[in-house]
Asks: 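What follows is a structure written as structure tokens; I'll ask about it next.
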2 protein chains.
Amino acid sequence: MPDSASETLPSGGGKRRKAAKRHTAGVKAVAAAAGVSLGTVSNVLNRPEVVSPLTRAKVEAAMASLGFVRNESARQLRAGSSRILAYLMLDAGNPFFTDVAKGVEEAAQAAGLSVFLCNSNEDADREADYLDLLEQQRVQGVLITPIDQNSSRLRKLPSRGTPVVVVDRNIDDGEHCSVAVNDILGGELAIAHLLELGHERIAYVGGPNTIGQVVDRRDGARRALRKAGKPPENLIELTTGALTVAEGRGAGQRLAGLPAARRPTAAFCANDLLALGLLQQCVSLGLRVPEDLAIVGYDDIEFAEAAAVPLTSVRQPRQLLGRTAAELLLDESSNPDHEHQRVTFTPELVVRTSTRGTL
Amino acid sequence: MPDSASETLPSGGGKRRKAAKRHTAGVKAVAAAAGVSLGTVSNVLNRPEVVSPLTRAKVEAAMASLGFVRNESARQLRAGSSRILAYLMLDAGNPFFTDVAKGVEEAAQAAGLSVFLCNSNEDADREADYLDLLEQQRVQGVLITPIDQNSSRLRKLPSRGTPVVVVDRNIDDGEHCSVAVNDILGGELAIAHLLELGHERIAYVGGPNTIGQVVDRRDGARRALRKAGKPPENLIELTTGALTVAEGRGAGQRLAGLPAARRPTAAFCANDLLALGLLQQCVSLGLRVPEDLAIVGYDDIEFAEAAAVPLTSVRQPRQLLGRTAAELLLDESSNPDHEHQRVTFTPELVVRTSTRGTL
DNA sequence: TGGAGTTGCTGAAAGGTTTCAAGACGATTG
DNA sequence: CAATCGTCTTGAAACCTTTCAGCAACTCCA
């Protein structure tokens, strides 16, 4: 523990206490204590209405006094169904995805299910490991914002019985539902806005290009240029290694290092974290935003508005995205006539100071 | 879907495809296909070194061709152990906790375990539900940043065999390890800094008071006043309903509404989200920060530095907190001589513009 | 060549729950 | 009073895996 002072004390005021062994009072012990059969205890647990109030009370008392905790593995093994949904997130540190997760939790709670969050952290290996794990756990279903939506693992899950809904990406392979925002349009909105303000040389900051969102937003940017009759070289691509604040700072360093004549006058970032990092670094290196560099982010996370220079950003309906995805998943796992769907929402440009009145 | 345009298409290019049934090729089917016994398949899975290369190859081929996926419920039921850790977070939308989670994941990965994240979202009922769920799942252990550390449920888990480590809170009941940062000291640092700058009337923004961190930081603030010989009324408490940006904005509204003469000249917020909201609202209502109102946050999340006015904050070793907690948990569940510990880290004041050169 | 040791595989038991056909019991009806 | 019905409860089977004692075949050495 090198980078922080720490102090360690024994807990429990010195009363040494060994770790307790797992003492499982099972359904059997409860049955014995209550003087009923196994089946009855199970009924109390699963169909309380069929057991007489008296017996039920006895059983409940026995459960309480023994500290009975149902063994979910056994339940699931026998009953064959899990009451858990998982959301495998691209980056739990990005408020965009935690807002999506909130929408997921909302829909799950309404259906009486619980949500486990998993964080792939933009790492394909971790994503794969989590997918395997979740499949082995036989969760009700998986929501995922994938790193690579062509992964074979991703395609295999549904055919083996684990429904998968892709979030924040569209996918049309007939195996999944997907819920997304039109990222091409989003990119187009951002660049059209900058072009309208008179910017000619515009940087696109984003990466890696394995991430679909990064590519789509860039393609939208290109399309906006094309539509405006500008040459594609006007879009200068700065590729980053991830979609994080730190990478944004790195990009800012590179950008600020360019001679003013060759430096773009505006930057469009693939997400707000990059934009915030870029903004921070550029400001600290003496560039004025928006006068020297206009910046557009993407996602419109809560912090975009509170930034040093309030950030123009492309807004996505975050919670709605999550809620809709969860609802599709629930439909898929409960409705035998379920048909896969692709839902696409429309993004919206929110203009703030970081691009206001430039040039 | 009221607040966003959306478009829905069938997926799969119109090829209607029904949801697949769960077709479980089990260990039995694999054994039959490979011409070996159940036990051998299990050995391939769990102790590959004891089976001859030839048989192993046959079994692996059979597994691949049948798409075998091990049923984790059955495995766990029989083997009695889970390979999963859970971190029950207070607020997944707070970057502080996702950084802690990163530390947890790091330590877990090093030990070959996986982490499920759960979000209580500052809601005691959800916290209780998740604790029940995790206990039923028989996870290896639970890390938790509790809403109420005196909850009976929390105390019961360890005695029934699920180790629990409390994160970001100290607790001394002999049942848990805990890892925390000295929040009293943190509060003291913040207020001492403001006093040194000459502030007399200082607001404390935080709540609800059921959350331990909120109380400790306030107590630290009071202590600093006491030590400086100031009357306790100089600390004006603004109680919030949660530790969020939105609540911070609300507090800003209240604060800015006060007549200048009665308004505090500085505010210490129980966390950075509150501080960012407060900052944003005050600025938009025309207060200058730090001239009219100095602000100190808590946690030093990544966005504190990038805020409209870079935020003075009390820094905590976030990842280290998570990593240490996970390591204690792992020790508890693997080391029979484990003794509960309370680890306390020391916070550090990071001074930025939001308090610089005030008064 | 006989015995011991080794290697690799087998088969049955066990783990805690749910499910379901069937039984027990009392009440109601003809 | 017998027959029928309803309400509760029971006991055994089933879910899928791991574990472990035991067995077969082979090697090695005396």
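Lettering follows sequence order; numbering is per chain, from 1. Just so it is clear, the structure is predicted and the values come from calculations on it, not from any experiment.
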Asks: Does A:Gln136 reach the main-chain N or O of B:Val69 with its side chain, forming a donor-acceptor pair under 3.5 Å?
Replies: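 Here the side-chain-to-backbone pair does not exist.
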Asks: Under 4.0 Å between any heavy atoms, over every strand shown, what does B:Gly26 touch: base, sugar-phosphate, or nothing? Just pick one.
Replies: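 Sugar-phosphate, backbone atoms only, no base.
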Asks: Considering only residues two or more places apart or on different chains, which pairs with a residue in residues 144-153 of chain B satisfy salt bridge (charged side-chain N to carboxylate O under 4.0 Å, His left out)?
Replies: B:Asp132-B:Arg153
Asks: Not counting sequence neighbours, which residues clear side chain to side chain donor-acceptor pair (under 3.5 Å) with A:Ser82? List them please.
Replies: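 Testing A:Ser82 for side chain to side chain donor-acceptor pair (under 3.5 Å), a comparison that skips the adjacent residues, returns none.
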Asks: Please determine, by modelled atom types, if A:Arg75 and A:Ser81 share a side-chain donor-acceptor pair under 3.5 angstrom.
Replies: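 Result is yes, a qualifying pair exists.
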Asks: Of the listed nucleotides (D:dT17, C:dG15, C:dT19), which one gets closest to any side-chain atom of B:Arg70?
Replies: D:dT17
Asks: Between atom CZ in A:Arg138 and atom C1' in D:dC15, what is the gap in whole Å?
Replies: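 Whole-Å distance recorded here is 12 Å.
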Asks: Can you tell me which nucleotide in D:dT17, C:dT17, C:dT10 comes closest to the side chain of A:Phe68?
Replies: C:dT17
Asks: Between D:dT17 atom P and B:Asn43 atom CG, what is the distance in whole Å?
Replies: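 About 14 Å, once rounded to whole Å.
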Asks: Please give the angle, rounded to 10 degrees, between the axes at the start and the end of the helix from C:dT1-D:dA30 to C:dG30-D:dC1, where five pairs define each axis.
Replies: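 Axis angle across the helix from C:dT1-D:dA30 to C:dG30-D:dC1, nearest 10°: 50°.
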Asks: Atom CD of A:Gln76 to atom P of D:dC16: distance rounded to whole Å?
Replies: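 So the CD-P distance, A:Gln76 to D:dC16, works out to 12 Å.
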Asks: Have a look at A:Val36 and say if it touches a base, only the backbone sugar-phosphate, or nothing, with a 4.0 Å heavy-atom cut-off.
Replies: sugar-phosphate
Asks: Name the closest nucleotide to the B:Asn71 side chain, picking from C:dT17, D:dC16, D:dT18.
Replies: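 Out of C:dT17, D:dC16, D:dT18, the nucleotide with an atom closest to B:Asn71's side chain is D:dC16.
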Asks: To the nearest Å, how far apart are B:Glu72 CD and D:dC16 C1'?
Replies: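 After rounding, the reported distance stands at 12 Å.
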Asks: What residues from residues 46-61 of chain B pass a heavy-atom cutoff of under 4.0 Å to DNA chain D?
Replies: B:Asn46, B:Arg47
Asks: Under the criterion salt bridge (charged side-chain N to carboxylate O under 4.0 Å, His left out), I'd like the reasoning laid out for A:Glu106 against A:Arg323: C-alpha separation, chi angles, the key distance, then a yes or no.
Replies: CA-CA 7 Å; A:Glu106 202 178 292; A:Arg323 184 148 35 89; 2.8 Å; yes
Asks: Only counting residues at least two apart or in another chain, list the ones meeting salt bridge (Lys or Arg N to Asp or Glu O under 4.0 Å) with B:Arg83.
Replies: none
Asks: Donor-acceptor pair under 3.5 Å: do we get one between A:Arg78's side chain and the base of C:dT18?
Replies: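 Indeed there is one.
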Asks: Can you find a side chain N or O atom of B:Arg75 that sits less than 4.0 Å from OP1 or OP2 on C:dG15?
Replies: no
Asks: Does D:dT10 have OP1 or OP2 under 4.0 Å away from a side-chain N or O of A:Thr40?
Replies: yes
Asks: Side chains of A:Gln341 and B:Thr8: is there a donor and an acceptor less than 3.5 Å apart?
Replies: no
Asks: Send over the distance from A:Lys28 NZ to C:dT18 P, rounded to a whole Å.
Replies: 14 Å
Asks: Tell me: CG of A:Leu77 to C1' of D:dA14, nearest whole Å?
Replies: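 To the nearest whole Å, that distance equals 9 Å.
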Asks: Closest approach of A:Ala92 and A:Asn119, non-hydrogen atoms and distance?
Replies: N-OD1, 3.1 Å
Asks: Please determine whether salt bridge (charged side-chain N to carboxylate O under 4.0 Å, His left out) holds for the pair A:Arg138 and B:Glu72, giving the CA-CA distance in whole Å, both sets of side-chain angles, and the decisive distance to 0.1 Å.
Replies: CA-CA 8 Å; A:Arg138 304 285 196 274; B:Glu72 176 66 19; over 6 Å; no
Asks: My understanding is that only residues two or more places apart in sequence, or in another chain, count here; which of them pass salt bridge (Lys or Arg N to Asp or Glu O under 4.0 Å) with B:Arg126?
Replies: A:Glu105
Asks: For B:Leu45 and D:dC16, what is the distance between atoms CG and C1' respectively, to the nearest whole Å?
Replies: 12 Å
Asks: Can you tell me which nucleotide in D:dT18, D:dT10, C:dT10 comes closest to the side chain of B:Ala79?
Replies: D:dT18
